[in-house]
Chemist: 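I have a structure here, written as structure tokens, and I will follow up with some questions on it.
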Amino acid sequence: MSSTAENTTTTVPHVDYLVLDGGDPHLVAHECTACGARFFDRRNACAACFSTDFTTVPIATTGTVQAFTIVAFAAPGIPVPFVAAVVDCDGTSVKGNIINVDPDPANISTGMSVRLATYSLGTDDNGVEAIGYGFEPAD
């Protein structure tokens with residue numbers, strides 16, 4: 001008896017706050033139920049009010065660039081230049097790279113509208129593909 005295995009790729013998010021299942025990719029944050037502060041990393045207590053109760057909330061997938069820099073020097077193997085930014089996603093600050101745009105100040109500005117975008121970071125020998133996120137121009 002012989003069997004044929006399907007060649008399927010499993011995808012995994014690069015960070016645990018990137019949600020790939022259940023529709024469109026989006027980010028989630030831990031929101032303090034006492035004061036509303038939001039955090040992407042795991043917290044034992046809120047850095048704003050010290051409460052220990054959190055809920056998970058989805059983050060808007062569109063936003064505006066609040067600050068950015070064009071990175072010209074990076075660790076070996078990291079292609080440069082690239083654009084690192086802070087994006088305001090409906091009141092939540094999100095750090096991420098601006099992708100799918102030439103990294104030139106003529107193409108990027110504060111106040112620029114962007115949307116969440118995902119991309120492949122590579123696939124390992126077992127067929128597991130890591131997915132990262134960034135933001136791309138919304139216009």
Side-chain angles (χ1 to χ4, degrees):
M1 176 186 236
S2 67
S3 64
T4 305
E6 283 187 40
N7 185 7
T8 59
T9 301
T10 301
T11 58
V12 295
H14 181 248
V15 293
D16 65 355
Y17 50 88
L18 173 59
V19 178
L20 300 173
D21 301 332
D24 293 330
H26 63 281
L27 303 175
V28 294
H30 302 290
E31 182 178 80
C32 175
T33 58
C35 75
R38 291 182 174 179
F39 306 95
F40 288 104
D41 56 342
R42 189 183 74 76
R43 295 284 167 147
N44 290 328
C46 177
C49 74
F50 305 112
S51 173
T52 58
D53 192 25
F54 295 89
T55 188
T56 302
V57 295
I59 301 302
T61 58
T62 59
T64 56
V65 174
Q66 296 299 297
F68 73 93
T69 189
I70 297 175
V71 179
F73 300 97
I78 305 295
V80 290
F82 64 89
V83 181
V86 177
V87 175
D88 178 0
C89 292
D90 198 23
T92 301
S93 291
V94 182
K95 295 176 186 171
N97 292 343
I98 306 297
I99 61 173
N100 301 328
V101 66
D102 186 34
D104 183 299
N107 302 320
I108 303 137
S109 63
T110 57
M112 182 172 122
S113 295
V114 293
R115 68 176 161 257
L116 185 73
T118 58
Y119 59 95
S120 176
L121 295 169
T123 304
D124 70 12
D125 292 341
N126 296 319
V128 178
E129 181 182 28
I131 304 296
Y133 77 92
F135 293 91
E136 64 186 2
D139 299 330

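The first residue in the sequence is number 1, and the count goes up from there. Atoms considered below: every heavy atom in the structure, side chains included; atoms not considered: hydrogens, waters and symmetry mates.
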Chemist: To the nearest 0.5 Å, tell me how far Leu121 CG sits from Tyr133 OH.
Modeler: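 OH of Tyr133 is found 11.5 Å from CG of Leu121.
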Chemist: Is a side-chain donor or acceptor of Ser113 paired with a backbone partner of Ala138 at a separation under 3.5 angstrom?
Modeler: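 Side chain of Ser113 to backbone of Ala138, a donor-acceptor pair under 3.5 Å: no, none is there.
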Chemist: Which atom pairs, one a donor and one an acceptor, fall under 3.5 Å between side chains of residues 16-32 and the rest of the protein, sequence neighbours left out?
Modeler:
residue : atom : partner : partner atom : Å
His26   : ND1  : Asp24   : O            : 3.1
Glu31   : OE2  : Arg38   : NE           : 2.8
Glu31   : OE2  : Arg38   : NH2          : 3.0

Chemist: Look up atom CG in Asp88 and atom OG1 in Thr62, then write down how far apart they are to the nearest 0.5 Å.
Modeler: 10.0 Å
Chemist: State, to 0.1 Å, how close Ser109 and Val65 come at their nearest heavy-atom pair, and which atoms those are.
Modeler: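 Closest heavy-atom pair between Ser109 and Val65: O-CB, 3.6 Å.
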Chemist: Can you sort out the partners of Glu136 under side-chain hydrogen bond (donor to acceptor under 3.5 Å, both in side chains), two or more places apart, ordered by chain and number?
Modeler: Asn100, Arg115
Chemist: Does Asp124 reach the main-chain N or O of Asn126 with its side chain, forming a donor-acceptor pair under 3.5 Å?
Modeler: yes
Chemist: How long is the span from the SG atom in Cys89 to the CD atom in Gln66, to the nearest 0.5 Å?
Modeler: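 Spacing of SG (Cys89) from CD (Gln66) equals 9.5 Å.
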Chemist: With sequence neighbours left out, write down each residue that passes side-chain contact (heavy atoms from CB on, under 4.5 Å) with Val101, or none if nothing qualifies.
Modeler: Ile98, Asn107, Ile108, Pro137
Chemist: Same cluster or not: Val94 versus Tyr119, using hydrophobic residues (I, L, V, M, F, W, Y) connected whenever any side-chain heavy atoms lie under 4.5 Å apart?
Modeler: no
Chemist: Using links of under 4.5 Å between side-chain heavy atoms of ILVMFWY residues, direct or through other members, which residues join Val71 in one cluster?
Modeler: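 Reading the cluster by chain and number, Val71 sits alongside Ile78, Val80, Phe82.
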Chemist: Restricting to side-chain contact (heavy atoms from CB on, under 4.5 Å), what partner residues turn up for Asp90, sequence neighbours left out?
Modeler: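 Residues passing side-chain contact (heavy atoms from CB on, under 4.5 Å) with Asp90: Ala60.
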Chemist: Quick check for you: to the nearest 0.5 Å, what is the distance between Phe135 atom CZ and Asn97 atom CG?
Modeler: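 Here the rounded value is 10.0 Å.
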Chemist: Could you report the tightest heavy-atom contact between Ser120 and Ile131, atom names first, then the distance?
Modeler: CA-CD1, 4.2 Å
Chemist: Output side-chain donor-acceptor pairs under 3.5 Å for residues 43-50, partner residues at least two apart or in another chain, one line each.
Modeler:
residue : atom : partner : partner atom : Å
Arg43   : NE   : Asp41   : OD1          : 3.2
Arg43   : NH2  : Asp41   : OD1          : 3.4
Asn44   : OD1  : Arg42   : NH1          : 2.7

Chemist: Can Phe54 be reached from Ile59 by stepping across I, L, V, M, F, W or Y side chains whose heavy atoms are under 4.5 Å apart?
Modeler: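 No, it is not one cluster - the side chains of Ile59 and Phe54 are not joined through contacts under 4.5 Å.
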Chemist: Specify the closest pair of heavy atoms between Pro105 and Ile70, including all atoms of both residues, with the distance to one decimal.
Modeler: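 Nearest pair, atom of Pro105 first, then Ile70: CD-CD1, 3.4 Å.
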